[in-house]
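Contents: one structure, followed by commentary.
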Amino acid sequence: MKNFKSLFILLLISFSIFSCFEDNDDTPIKSSSINDFVWKGMNLRYLYKSNIPDLADNRFATDAQYQDYLTNAGTPEELFESLIFERATVDRFSWIVDDYFELERQFQGTTGTNGMEFGLFASPNSTTEGFGVIRLVLPNSPADNMGLKRGDIFYGIDGNRLTNNNLPTLLGQDTYTLNLGIYNDNGTADRADDSIDPINRDVTLSKVQYTENPIFLNSIINVGGENVGYLMYNAFTRGSENGLNTVFADFASNNIQHLIIDLRYNPGGSVGTTTFLASMITGQFNGDLFERLIFNENFQSDNRDLNFTNQLPNGSTINSVNLNKIYALTSSRSASASEGLINGLVPYIDVIKIGDSTTGKTQLSRTLYDSPNFQRQGANPNHTYAMQPLIGIGVNKNGEDVPGTGLVPSLGFEYVERPLDYGVLGDRNEPMLAIALADIEGSTTKLLDITKSSQAKTFKLIKDSNDFIPNDGGMIID
């Protein structure tokens, strides 16, 4: 870099103040200082560095040019966004936060929540109003304790009908009252007279700090004399490997012949945890390549292989079930590490994908802090900004990544969940689980009946509860 020896010389540069931010202790900090961290971190680690001219090593001829660039770059968020490569199509997933404490709680599975996930849909015969349908209730959460369940409908909050304009305001509160309702088709097939009617039941919910167990459900279902293992896993949370290993010990002791992995609400998480789960599912490929991680030009020597293993980090032996075929339940909310699990297994075993196309994210990210080595230790105490840029990409044994359009369901196994017919999770009659069981049973008629039913009454999705948690999931590398 001409007259700009290296990235690390920048650590010695101080800049004049043009604008300030305040950290959590109300200590003023120069915006240029935070912008310095943003540029240096992206210049060093960003996966698409070579596609962004402003991140080139020879971008600045002098320190003064660099200082002027930072001063005029705007807020840290604005600078960060200016360095993203094709936000709409390629990098949809890098982000920056001004409070890394909250980010860390989220990664640990501890967040402020009232314990329900839901979809918000356009109300019948209205261009402005909407209604919500609960799809998931977390155990022992406020929503669970108030008796809410999957499939419950709400039409308003605090007495206000949901509309296109008031959703963020009403749902962004820490405490609010759900006004529950019912879908009324008035006994006719004609949707012109359908409506969402009140049922005079209101439920007040408050957000609490909640640590989610990503292992939501696990059971063994007998189908035609054969045991089927069922696991609903909602996040690849670091530290959940021991719990998964216990589940697979039960699967192995019951000699399961089939396995259904339910990832429909799993937004991703730890890459390492993905490898351990893949090893539990199989067992016959110990030492073989599961996923290869590839980084930018600065870190080609760090490219590394993640192999199937028979041991957890704590030294415990992995409980494997040695299967050659599994069923994976997916939706448009299945992302990142969920997709990576499927993509990594496909070269080795038969994966029947049931449901909807997945999100389409195969890149890796890492939290960067404002410290000399961008790690948590030694982080600048004057602010709490951190970045989560894409820093690498994961490919399977065949060098294939997950396309941006997502992983499509297997032919004949397409199904989109219907908000008025969610079913009970874990029940053999729940539609997506029933599709897998019908195929295991060999009942073509039952399979066709269920998949065709997804084409019945559908509604336009306005917003999803995950949209209010923009930094959830991803493929996180330690």
Side-chain angles (χ1 to χ4, degrees), residues 91-95 97 102-120 134-138 141 150 210-217 231-241 243-244 261-278 291 328-344 353-367 388-394 401-407 409 416-417 425 432 461 463-478:
D91 183 358
R92 297 175 285 152
F93 305 102
S94 291
W95 30 267
V97 296
E102 178 60 29
L103 179 66
E104 291 165 349
R105 285 190 290 269
Q106 186 172 312
F107 284 160
Q108 293 163 3
T110 302
T111 58
T113 180
N114 54 35
M116 67 172 184
E117 292 185 10
F118 52 85
L120 295 166
I134 298 173
R135 65 165 178 266
L136 185 71
V137 176
L138 300 177
S141 66
R150 176 174 162 90
Y210 180 90
T211 301
E212 180 179 355
N213 182 354
I215 304 172
F216 187 78
L217 284 173
L231 168 66
M232 186 173 200
Y233 188 54
N234 287 342
F236 287 83
T237 305
R238 288 188 294 266
S240 64
E241 297 88 0
L244 288 171
I261 300 288
D262 195 337
L263 303 170
R264 73 182 85 175
Y265 305 141
N266 190 318
S270 169
V271 175
T273 305
T274 312
T275 306
F276 294 126
L277 179 54
E291 185 171 30
L329 310 187
T330 67
S331 74
S332 60
R333 292 175 293 278
S334 306
S336 208
S338 290
E339 297 169 298
L341 176 70
I342 296 170
N343 192 51
K353 300 181 289 295
I354 298 173
D356 198 4
S357 294
T358 60
T359 298
K361 180 182 183 294
T362 189
Q363 304 101 326
L364 314 156
S365 67
R366 173 181 285 169
T367 308
Q388 194 78 23
L390 299 181
I391 67 164
I393 194 165
D401 59 5
V402 174
T405 52
L407 299 170
V416 179
E417 286 194 299
L425 291 170
M432 289 183 69
L461 180 67
K463 211 168 186 63
D464 186 272
S465 58
N466 285 348
D467 296 335
F468 298 95
I469 315 174
N471 302 329
D472 198 25
M475 282 180 74
I476 311 301
I477 181 170
D478 298 332

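Position 1 is the first residue of the sequence; numbering continues from there.
For residues 262-272, the pairs satisfying salt bridge (charged side-chain N to carboxylate O under 4.0 Å, His left out) are Asp262-Arg264, Arg264-Glu417, Arg264-Glu430, with sequence neighbours left out.
In this structure the side chain of Lys353 reaches within 4.5 angstrom of the side chain of Leu407, judged on heavy atoms. In this structure, Val271 and Leu364 have side chains that are in contact, with non-hydrogen atoms separated by less than 4.5 Å. Using a 4.5 Å heavy-atom threshold, the side chains of Leu244 and Ile215 count as touching. Looking at heavy atoms from C-beta onward, Ser240 lies in side-chain contact with Thr273 at the 4.5 angstrom threshold. Inter-residue side-chain proximity for Phe216 and Asn266 is flagged as unmet; no heavy-atom pair is nearer than 4.5 Å. Looking at heavy atoms from C-beta onward, Ile342 lies in side-chain contact with Thr330 at the 4.5 angstrom threshold.
Residues satisfying the side-chain hydrogen bond (donor to acceptor under 3.5 Å, both in side chains) test with Asp91, not counting sequence neighbours, are Tyr46, Ser94. For Tyr233, the ring-ring contact (aromatic ring centres under 6.0 Å, His included) partners two or more places apart in sequence, or in a different chain, are Phe236.
Between the side chain of Glu117 and the backbone N or O of Leu136 there is no donor-acceptor pair closer than 3.5 Å. Listed for the Glu339 side chain is no donor-acceptor partner under 3.5 Å among the backbone atoms of Ala337. The backbone N or O of Lys361 lies less than 3.5 Å from no partner atom in the side chain of Thr359, so there is not a single donor-acceptor pair.
By the 6.0 Å and 45° rule, Arg135 stacks over the aromatic ring of Tyr265.
We find the CG-CD distance between Asn343 and Glu291 to be 7.5 Å, quoted to the nearest 0.5 Å. For the atom pair OG1 (Thr367) and CD1 (Ile391), the distance works out to 9.5 Å, reported to the nearest 0.5 Å. Once rounded to the nearest 0.5 Å, the distance linking CG of Asn466 with OG of Ser332 reads 9.5 Å. Going from atom OG of Ser334 over to atom CG of Leu329 covers 8.5 Å, rounded to the nearest 0.5 Å.
Looking at Thr362 and Asp401, their side chains never bring a donor and an acceptor atom within 3.5 Å of each other. Side-chain atoms of Ser365 and Gln388 form a donor-acceptor pair, as typed in the model, at a separation below 3.5 Å.
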Report task. Verify side-chain contact (heavy atoms from CB on, under 4.5 Å) between Met116 and Leu138, making sure each step is shown before the conclusion. Result -> CA-CA 6 Å; Met116 67 172 184; Leu138 300 177; over 6 Å; no
Query - Verdict with supporting geometry, Leu217 and Leu425, side-chain contact (heavy atoms from CB on, under 4.5 Å) - result: CA-CA 8 Å; Leu217 284 173; Leu425 291 170; 3.8 Å; yes
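Scanning both residues, Gly360 and Arg92, for their nearest heavy atoms gives O-NH2, 2.8 Å. Shortest non-hydrogen contact noted between Ser336 and Gly268 is CB-CA, 4.2 Å.
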